[in-house]
Amino acid sequence: MQKPPFRADHVGSLLRPQDLHEARAKNRKGELSDAELKKIQDQDIRDVVKLQESIGLQAVTDGEFRRDWWHIDFIHGFDGVDLTVNRFATFHGTDEQPPLFKVTGKIRRSKPSMVPHFQFLKSIVQKGTPKFTMPSPAMLHARSDREALKKVYPNVDNMWEDLTKAYREEIRDLYQAGCRYLQIDDTTIAMWGDPKVQEQFKKLGDDPKKDAAMYAEAVNAAIRDVPDDMTVAIHTCRGNFKSTWLASGAYADFVAERVFTGLDVDAFFLEYDTERAGGFEPLRFVPKGKMVVLGLVSSKVPELEATDHLKRRIDAAAKYVPMENLCLSPQCGFSSTHHGNNLTVEQEVAKLKLCIDTAKEVWGGK
């Protein structure tokens with residue numbers, strides 16, 4: 001396939017090398033300047049781009065090497081967004097939690113959030129398509145201090161207007177910089193299937209069904225000006241932090257029906273690596289012509305999946321989405337946060353190669 005998503009694709013984040021971990025630690029202590037940290041990031045990104053190209057990936061990312069958290073760094077780049085202590089549900093198996101967003105003023109984009117990240121990536125990619133990932137605008141509302149948000153935005157519609165405007169401005173500049181493959185990351189789509197998550201949002205005074213529709217509208221507003229030659233995919237999972245997870249449950253029908261049919265995206269990256277994700281039945285709501293990238297390979301565990309198992313799973317999904325509209329990938333990134341999952345780089349590469357080799361067996365190609 002020459003146009004994304006590709007038969008063998010990946011979500012985006014990759015394991016950070018040890019020198020980058022050490023450099024970040026020194027930078028936080030004031031022992032290494034921002035300029036020196038950037039030089040190390042630049043070299044490590046050059047290396048990870050070469051790695052992706054060498055194994056034959058058609059989608060090439062910077063591994064999100066300049067980020068601490070998959071969602072926080074990007075949104076925190078807008079004016080009016082700060083951080084506070086997390087009071088939400090915890091990831092299973094760890095007490096460490098990402099911060100919450102705290103809206104402290106009107107949300108504005110006075111400068112690019114991450115456009116320079118993409119510009120550097122594009123300048124070094126020799127093969128394949130440079131891919132940029134960003135969190136869904138829904139993440140600000142879903143993972144925010146609601147009391148602070150209401151003080152600044154008594155009417156939530158005004159918050160969405162400001163936030164999605166900032167997104168459109170960033171996406172416009174990404175397009176002008178040459179970005180033609182954009183991925184929006186949104187955990188809410190998958191998490192609504194967990195009764196515990198639904199209950200958590202109800203305690204905040206939310207209606208999960210209304211939130212699902214509101215979040216879909218926010219994504220559509222953010223990408224409404226995207227030109228036809230930019231592919232936009234949305235990725236969703238149930239949490240990915242140091243190989244732990246946050247939610248369980250199949251894609252709820254109210255989500256699949258409202259979100260799958262209502263989102264103006266070209267493709268869906270969907271988590272399906274464990275039984276926690278449920279069956280493929282919700283895929284019946286995916287509109288005709290949309291691509292579905294099946295996240296059947298786990299980025300959380302080092303054990304390599306059997307090719308025959310993956311092929312059987314792809315065949316099962318093809319009962320709901322035509323085979324020509326299916327692709328394969330890991331269920332999430334290997335390092336959604338700077339910590340990384342509990343794998344080695346060699347195991348990460350083996351997982352990516354597995355996707356490539358399995359895709360060749362299923363769909364053909366070089």
Side-chain angles (χ1 to χ4, degrees), residues 10-52 60-78 81-86 90-91 93-102 111-125 130-135 139-140 143 170 183 185 187 237 239-244 246 299-300 302 330 332-349 351-352:
H10 69 119
V11 170
S13 65
L14 297 166
L15 294 171
R16 275 65 155 178
Q18 185 59 35
D19 72 320
L20 183 52
H21 285 300
E22 293 171 358
R24 295 179 75 93
K26 289 181 180 179
N27 179 255
R28 284 193 293 270
K29 295 177 183 177
E31 299 171 0
L32 190 74
S33 70
D34 290 347
E36 291 171 317
L37 174 61
K38 184 180 183 301
K39 286 182 182 179
I40 294 171
Q41 289 172 334
D42 287 353
Q43 185 55 53
D44 285 340
I45 290 170
R46 288 189 181 95
D47 292 342
V48 84
V49 163
K50 288 179 182 177
L51 172 65
Q52 293 169 80
V60 181
T61 75
D62 64 1
E64 300 182 4
F65 279 10
R66 301 190 198 276
R67 308 184 199 186
D68 269 343
W69 306 87
W70 67 274
H71 59 312
I72 290 174
D73 298 58
F74 181 86
I75 297 176
H76 193 206
F78 297 140
V81 181
D82 210 331
L83 303 177
T84 188
V85 178
N86 192 342
T90 59
F91 281 84
T94 178
D95 292 328
E96 187 176 358
Q97 304 301 319
L100 287 182
F101 293 113
K102 183 175 182 178
K111 62 184 185 303
S113 178
M114 290 188 175
V115 173
H117 297 195
F118 177 80
Q119 290 171 324
F120 180 79
L121 173 66
K122 189 174 187 303
S123 73
I124 61 174
V125 170
K131 174 181 180 179
F132 187 78
T133 65
M134 65 171 62
M139 300 314 302
L140 176 64
R143 308 287 294 179
E170 184 80 6
Q183 178 182 293
D185 296 318
T187 61
C237 73
N240 186 47
F241 176 50
K242 298 198 294 187
S243 288
T244 63
L246 189 60
S299 68
K300 296 180 184 294
C332 196
F334 290 88
S335 188
S336 297
T337 72
H338 66 87
H339 314 78
N341 284 346
N342 299 326
L343 296 88
T344 64
V345 172
E346 291 74 22
Q347 291 164 338
E348 170 188 74
V349 169
K351 296 266 183 174
L352 294 171

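Bear in mind that the values here come from a model prediction, so they are computed numbers and not experimental data. The basis for the numbers below is simple: all heavy atoms, side chains too, and nothing from hydrogens, waters or symmetry mates.
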#### Entry: Donor-acceptor contact below 3.5 Å, side chain Ser299 vs main chain Gly333
yes

### Task
Decide yes or no on side-chain contact (heavy atoms from CB on, under 4.5 Å) for Val11 and Thr133, but give the supporting numbers first.
CA-CA 8 Å; Val11 170; Thr133 65; 5.9 Å; no

### Task
Heavy atoms only: give me the nearest Ala23-Leu32 pair and the separation to one decimal.
O-CD2, 3.5 Å

#### Entry: Any donor-acceptor N/O pair, Glu170 side chain to Val115 backbone, under 3.5 Å
yes

### Query
salt bridge (Lys or Arg N to Asp or Glu O under 4.0 Å) with Glu348: which residues, sequence neighbours excluded?
none

### Task
Return the set of residues passing side-chain contact (heavy atoms from CB on, under 4.5 Å) with Glu346 (not counting sequence neighbours), or none when no residue passes.
Thr344

#### Entry: Closest approach of Gly63 to Arg16 (non-hydrogen atoms, all atoms of both residues)
O-NH1, 3.5 Å

### Message
Working to the nearest 0.5 angstrom, can you tell me the gap between Lys300 NZ and Lys351 NZ?
### Response
11.5 Å

### Query
Can you find a pair of side-chain heavy atoms, one from Glu22 and one from Ile40, that are under 4.5 Å apart?
no

## Note on the structure
Closest heavy-atom pair, Pro135 versus Ile75, reported as atoms and distance to 0.1 Å, is CG-CG1, 3.9 Å

### Query
For Asp42, which residues count as a side-chain contact (heavy atoms from CB on, under 4.5 Å) partner, sequence neighbours excluded?
Lys38, Arg46, Arg66, Phe120

### Task
Kindly state each residue pair satisfying salt bridge (charged side-chain N to carboxylate O under 4.0 Å, His left out) with at least one member in residues 23-35, sequence neighbours excluded.
Arg24-Asp68

### Message
Do Phe334 and Val345 make a side-chain contact, defined as non-hydrogen atoms from C-beta onward lying under 4.5 Å apart?
### Response
no

### Sequence-distant partners of Lys50, salt bridge (Lys or Arg N to Asp or Glu O under 4.0 Å), two or more places apart
none

### Task
Indicate yes or no for a side-chain donor-acceptor contact from Arg143 to the backbone of Pro99 under 3.5 Å, with no hydrogens or angles considered.
no

### Query
What pairs with Gln43 under side chain to side chain donor-acceptor pair (under 3.5 Å), at least two apart in sequence or on another chain?
Asp47

### Query
How close do Pro130 and Lys122 get, heavy atom to heavy atom, and via which atoms?
CG-CG, 4.3 Å

### Query
Do you know which two heavy atoms are closest between Pro330 and Leu352, and how far apart they sit?
CG-CD2, 4.1 Å

### Query
Residues in ring-ring contact (aromatic ring centres under 6.0 Å, His included) with Phe74, at least two apart?
Phe78, Tyr167

### Message
Just verifying a value: how many Å separate Ser335 OG and Leu14 CG, rounded to the nearest 0.5 Å?
### Response
8.0 Å

### Query
What do the steps show when you test Trp69 against Glu64 for side-chain contact (heavy atoms from CB on, under 4.5 Å), and what is the final call?
CA-CA 9 Å; Trp69 306 87; Glu64 300 182 4; over 6 Å; no

#### Entry: Results of side chain to side chain donor-acceptor pair (under 3.5 Å) for Lys102 - residues two or more places apart only
none

### Query
How far does CG of Asp82 sit from CG of Leu100, to the nearest 0.5 angstrom?
12.0 Å

#### Entry: Partner set under side-chain contact (heavy atoms from CB on, under 4.5 Å) for Pro116, not counting sequence neighbours
Pro112, Gln119

### Task
Check Leu20 against Phe65 and note the closest heavy-atom contact, atom names and distance.
CD2-O, 3.6 Å

### Partners meeting ring-ring contact (aromatic ring centres under 6.0 Å, His included) with Phe132 (sequence neighbours left out)
none

### Message
As an exercise, state the distance from CG of Leu37 to CG of Asn27, rounded to the nearest 0.5 Å.
### Response
4.5 Å

### Message
Which residues pass the ring-ring contact (aromatic ring centres under 6.0 Å, His included) test with His117, not counting sequence neighbours?
### Response
none

### Task
Please identify each residue that fulfils side chain to side chain donor-acceptor pair (under 3.5 Å) with Gln183, with sequence neighbours left out.
Lys131, Asp185

### Atom pair CG/CG of Asp44 and Asp62 - distance to nearest 0.5 Å
11.5 Å

